[in-house]
Amino acid sequence: MPTTPESDLYELIQAAVDPAALVRHVRAGQDGAIVTFDGFVRNESHGRATKYLEYEAYEPMALAKMREIGAQIHERYAIHRVAMVHRLGRMDIGETSVFIAVSAPHRAAAFDACRFAIDTLKRTVPIWKKEYFQDGAIWAEGKIPPTAPKTKPAS
Amino acid sequence: MPTTPESDLYELIQAAVDPAALVRHVRAGQDGAIVTFDGFVRNESHGRATKYLEYEAYEPMALAKMREIGAQIHERYAIHRVAMVHRLGRMDIGETSVFIAVSAPHRAAAFDACRFAIDTLKRTVPIWKKEYFQDGAIWAEGKIPPTAPKTKPAS
Amino acid sequence: MPSVSPSVRVKVLFFGRVRELTGLTEENGEISEGATLGDLLERYIQRYPQLAGFRASLVASRNQEFAAWDTRIAGGDEIAFLPPVSGG
Amino acid sequence: MPSVSPSVRVKVLFFGRVRELTGLTEENGEISEGATLGDLLERYIQRYPQLAGFRASLVASRNQEFAAWDTRIAGGDEIAFLPPVSGG
């Protein structure tokens, strides 16, 4: 597995996400493109009005899986830097839960890597979301992570 | 051709691009995802160290073509709002020349639309870039726009 | 019914729906040497029958890596039974 | 050699490399009624032979829409000969 560049940033945080700071983190003179994904709390879920969400994580494992995704995208795509942050705790409508920024010399790699990163995060990172409505709360349906990720050699 | 929502934003500007303002413009409670593309001046081009760039446009036509791209992505993808800005004039290394933000209820549409938008902009919007190096300047190679865009009915 | 085989100590963590159903966030336990992750889950399902309906949707982790149910547990392992993930 | 056919007035715009090669940014001209965008380009190539080498890479616009070279020009049209675009 390739090592993740020291200059990447992977964090689980409780406070509000600061997208501008994350973009500054990945931006450098050798780059020409940054693609960002901002995932935030929608006002409805399956037709029910959302009041707020709560996220919890298996923190050390989640951070390790986020770094693993970073290593995968460095291996697959000609990118420069990655910043990937997931917020935990309670979030209101409109608040960012996840933010990913990827810089690259050229745009195709930045798009591919950013999309692979969020798609893989949603399948493999141990984080759980509880949705609160006027009349109750449910754990979001979620995805069953692959027990042996295809992208990793069995070793 | 579908009408572009009045709430979109399409601009050619001379001053520095303000990404945060553009993201705020497209962000609403009904959305859950924003994808942005930030294109900025790289420090080299084909191995030569870039000093700075200059962009010029056929302004009214460029703006019309940008709006046309907006209409196309509203038609093709389940997105909410678009902000698309191109800066003109002189830009130094690291300065943003183009910024596109697309909001959507779900991420796939936002990724697809943002990528289609920048790919199409680079092929069809009459804007020209001159690259200044230590030892001279050249017009960037560029793409020949399709005379009858495939994505538009002949009417 | 005390086990006659030697036992090993494990730390077990609980998250999301599994945490709510069991009321546990973390506990230290013992299990027979040679037991698998599947064996450990069955023991929790006996103790918390309300988990049974979720058996098919859970995956296990061992020392912060996803692991197959037939993985053998070693002393000092950190185990978790993870509901479907929904981050992002 | 004045044309004997009626002529129409057009506005012609120049950008990028074409602007630099001709030294023109915009000019108002006349061309015979029924002339095409291709005819107008050939007239500019006669005037500015250095444009000839770029003929194959240029596209025309008429009233701010890309237009084929065999498009007929009408009075009052705004025409441009556009080099390959390189925005973004």
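Keep in mind that the numbers below use all heavy atoms, side chains included, and drop hydrogens, waters and symmetry copies. Chain letters run A, B, ... following the sequence lines, proteins first and then strands; every chain starts at 1.
For the options A:Thr36, A:Val41, A:Asp119, heavy-atom pairs under 4.5 Å to chain B are most numerous at A:Thr36. Your options are B:Ser97, B:Ser103, B:Ala101, B:Ala108, and the one with the most heavy-atom pairs under 4.5 Å with chain A is B:Ala108. Chosen from B:Gly29, B:Pro19, B:Pro105, the residue pairing most often with chain A at heavy-atom distances under 4.5 Å is B:Gly29.
Contact of B:Ala20 with chain A is not made at all, since no heavy-atom distance falls under 4.5 Å. Contact of A:Thr96 with chain B is made through backbone and side chain together, with heavy-atom distances under 4.5 Å. Using a 4.5 Å cut-off between heavy atoms, A:Asp112 touches chain B through backbone and side chain atoms alike. With a 4.5 angstrom heavy-atom cutoff, A:Val35 touches chain B via backbone and side-chain atoms both.
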Handout entry: B:Arg42 vs A:His106, side-chain contact (heavy atoms from CB on, under 4.5 Å): CA-CA, chis, key distance, verdict
Key = CA-CA 9 Å; B:Arg42 205 170 49 250; A:His106 302 285; 3.5 Å; yes
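The shortest heavy-atom contact between B:Gln30 and A:Asn43 is N-ND2, 3.4 Å. Taking each heavy atom of B:Arg27 and A:Glu95 in turn, the nearest pair found is NH2-C, 4.2 Å.
Side-chain contact between A:Phe40 and B:Ile34: present, with at least one pair of heavy atoms (C-beta onward) separated by less than 4.5 Å.
A salt bridge is defined here as a Lys NZ or Arg NE, NH1 or NH2 lying under 4.0 Å from an Asp or Glu carboxylate O, and B:Arg107 with A:Asp38 fails to meet this definition.
Residue-environment remark: NZ (A:Lys143) stays at or below the threshold of 12 foreign heavy atoms within 6.0 Å.
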